[in-house]
Amino acid sequence: MRIPCPICGERDRREFYYKGAAVALDRPGPDAGEAAWDAYVYLRENPAGRTRELWYHEGGCGAWLVVTRDTVSHEIFGAELAGEADV
Amino acid sequence: MRFSGLRVLWEGLTGNRGWEPHWRDPAPKSEYDVVIIGGGGHGLSTAYYLAREHGITNVAVLEKGYLGGGNVGRNTTIVRANYGLPGNSEFYSHSLKLWEGLEQELNYNVMMSQRGVLNLFHSDGQRDAFARRGNAMVNQGDDAILLDREGVRRLVPYLDFDNARFPVHGGLFHPRGGTARHDAVAWGYARGADRRGVDLIQNCEVTGIDIENGRVRGVQTTRGAIRAGKVGIVVAGRSSQVAAMAGMRLPIESHVLQAFVTEGLKPVIDHVVTFGMGHFYISQSDKGGLVFGGDIDMYASYAARGNLPAVEHVMEAGMTLMPMIGKARVLRSWGGIMDMSPDGSPIIDRTDVEGLYLNCGWNYGGFKAVPASGHCFAHLMATDRYHEAATGFRLDRFRTGYGIIDEEGTGAQHNLH
């Protein structure tokens, strides 16, 4: 798998650390309640197909990326900087 | 048809004409008392124990592919009870006891081989951790022997003991652990369930779960609607998709775990051996192939195959620990889809829907759990009470924060197990 880092270009998957579903960008407020925090920390859609994920370019520029990827075929459709991504 | 040595001899002398299919191939009925979704190891053992322990025989197991075509046939066949935390300890201890009687129980040769599991350690800190784990195992009533370097050398002289980076300091030996023939476990439970009246229905994919007024009424399938009083979801890596049919979102991420087998070799590895400083564990099958595996590929995946970085890591770890296997040729590799939970421990519980039960979250350790998982899940579905060996596997432990079973001590978070 090769991930197209917007800063560094296409790089081997080994340069990246996988965080998980991009739900992590949508952090609830401190008083959002137990259900919201449960959904944020633990519950996952876990789709078989296209999904948006957070990857960290640990062995490169150090940017957090939102990668759109297919979990069945491992095809990667694109990557954008997490700071510029829609939540 | 009962299996025995005499029967094998007789069939051998008479042209093997008397063998019969091990189970029927029934069409689905319109209604069952219990429907089990998923015809893998856990689903089949659940159906078996529903019939055997609770007399509930009007049961269907619905399998979208063929029986045992998923993870129960895609693992490294290791059986062990070497867990350290309450919640897990009593459960895997229970499972190992069921394993030990399984062949007689099922009248089926599952090739249970208690050859011993040896977990190696490579530092003082790791020795302390293993000593503690061994004590927990002994307290649970299972067996554990802390071996020093020379003790390990007597068992497995072929390791690279003086590896410059990860010298072998000793190991925790679990003599009652070992391996079993994975396919035969699925087939044995399938045959046992079928003989007690359970309908095993293959090529039947569940496409919907019918719920009325908070109570499950049945399922929709590719072979028609089936009404059911109770429904159990036992679908491993596909848990999120099936639970979504009931409007649920689970604390599960699906990941691929790879395993490998070499060409057949003469007997060389007599135990199950695990590397303490890299992801590598190995045993030798009765056919002679070295069967080994490592860690998950570490990103969400439904592909029943893996990527090369994980292959490279496993091979490197193997060569670090036992350079003698370097010239063995790898025949095949495969991947299974693991239902990873945030704390690395499973879920056997009710759901918010009355009559709908959930069994998932087996991470990369589902095979050894097959007997106890089915035994405890059947107990829960039949009696609506938790089996005493599976009181800790609550679905709500993540929401409440109470009862997290984090065996690895890395934190209850996705991507850490």
Side-chain angles (χ1 to χ4, degrees), chain A residues 1-5 10-28 30 32-60 64-77 79 82, chain B residues 64 235-244 247-256 295-313 316 335 337-343 347 352 360-361 394-402 404 411-417:
Chain A
M1 235 164 47
R2 293 177 70 78
I3 295 175
C5 175
E10 192 180 273
R11 296 298 181 93
D12 188 280
R13 167 263 178 277
R14 274 171 283 202
E15 292 187 9
F16 298 83
Y17 169 80
Y18 173 75
K19 170 69 179 170
V23 64
L25 289 174
D26 194 13
R27 186 184 176 91
E34 194 177 80
W37 278 95
D38 185 33
Y40 169 71
V41 180
Y42 296 121
L43 303 183
R44 294 289 179 265
E45 189 188 343
N46 192 23
R50 190 181 278 248
T51 186
R52 294 172 80 237
E53 300 167 328
L54 273 178
W55 291 73
Y56 173 57
H57 199 176
E58 189 176 26
W64 280 95
L65 309 179
V66 174
V67 177
T68 307
R69 190 176 68 91
D70 190 303
T71 59
V72 177
S73 67
H74 294 173
E75 182 180 1
I76 291 176
F77 303 104
Chain B
K64 74 170 178 176
V235 295
R238 293 280 169 171
S239 294
S240 296
Q241 280 74 47
V242 176
M248 296 169 64
R249 190 177 268 219
L250 299 180
I252 295 289
E253 244 185 33
S254 295
H255 287 248
V256 63
D295 203 355
I296 54 175
D297 279 21
M298 282 293 176
Y299 49 83
S301 174
Y302 285 86
R305 54 173 172 71
N307 243 313
L308 287 173
V311 178
E312 192 175 23
H313 175 93
E316 282 176 357
I337 308 305
M338 310 290 114
D339 33 334
M340 304 296 292
S341 70
D343 65 353
I347 293 161
D352 291 338
C360 67
R394 301 285 70 77
L395 174 58
D396 68 359
R397 67 181 184 268
F398 305 105
R399 179 173 55 78
T400 64
Y402 174 75
I404 298 285
Q413 187 182 310
H414 289 294
N415 89 346
L416 295 183
H417 290 273

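Both backbone and side-chain heavy atoms feed into the values below; hydrogens, waters and symmetry mates do not. Sequence lines set the chain letters: A, B, ... in the order given, protein chains first and strands last, and positions in each chain run from 1.
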Top residue by heavy-atom pair count (under 4.5 Å) with chain A, among B:Pro342, B:Ala300, B:Ser254, B:Gly401?
->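 The candidate making the most pairs under 4.5 Å is B:Ala300.
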Sort out for me which of B:Pro251, B:Gly237, B:Ala243 touches chain A most, counting heavy-atom pairs under 4.5 Å.
->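 The residue among B:Pro251, B:Gly237, B:Ala243 with the greatest pair count is B:Pro251.
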Over 12 non-hydrogen atoms of neighbours within 6.0 angstrom of CZ in A:Arg27 |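 No.
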For atom CG of A:Asp12, decide whether the heavy atoms of other residues, nucleotides or ligands shown that lie under 6.0 angstrom number more than 12.
->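 More than 12 heavy atoms, drawn from other residues, nucleotides or ligands, come within 6.0 Å of this atom.
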With a 4.5 angstrom heavy-atom cut-off, which part of [X] approaches chain A: side chain, backbone, both or neither?
X	answer
B:Arg305	both
B:Glu253	both
B:Leu250	backbone
B:Pro309	both
B:Asp297	backbone
B:His313	neither
B:Ala244	neither
B:Ala412	both

Plane angle bin for B:Tyr299 and A:His74 - parallel if under 30°, tilted between 30 and 60°, otherwise perpendicular =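 Plane angle over 60°, so perpendicular.
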Do the non-hydrogen side-chain atoms of A:Arg13 and B:Met298 ever get within less than 4.5 Å of each other?
->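 They are in contact (side-chain heavy atoms under 4.5 Å apart), so the answer is yes.
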With only heavy atoms counted, which part of [X] is less than 4.5 Å from chain B, the side chain, the backbone, both or neither?
X	answer
A:Thr51	neither
A:Trp37	neither
A:Arg44	both

For [X] against [Y], the heavy-atom pair lying closest together:
X	Y	answer
A:Tyr17	B:Asn415	OH-ND2, 3.1 Å
B:His414	A:Val41	CD2-O, 3.7 Å
B:Arg238	A:Ala48	NH1-CB, 3.5 Å

Straight-line distance of A:Tyr42 OH to B:Asp396 CG, nearest 0.5 Å =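 Going from OH on A:Tyr42 over to CG on B:Asp396, the span is 12.0 Å.
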Max heavy-atom pair count under 4.5 Å with chain B, selected residue of A:Val72, A:Asp70, A:Leu43 =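 Greatest number of close heavy-atom pairs with chain B: A:Leu43.
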Under 3.5 Å side-chain donor-acceptor pair for A:Asn46 and B:Tyr302 |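 On atom types as modelled, these side chains qualify, holding a pair under 3.5 Å.
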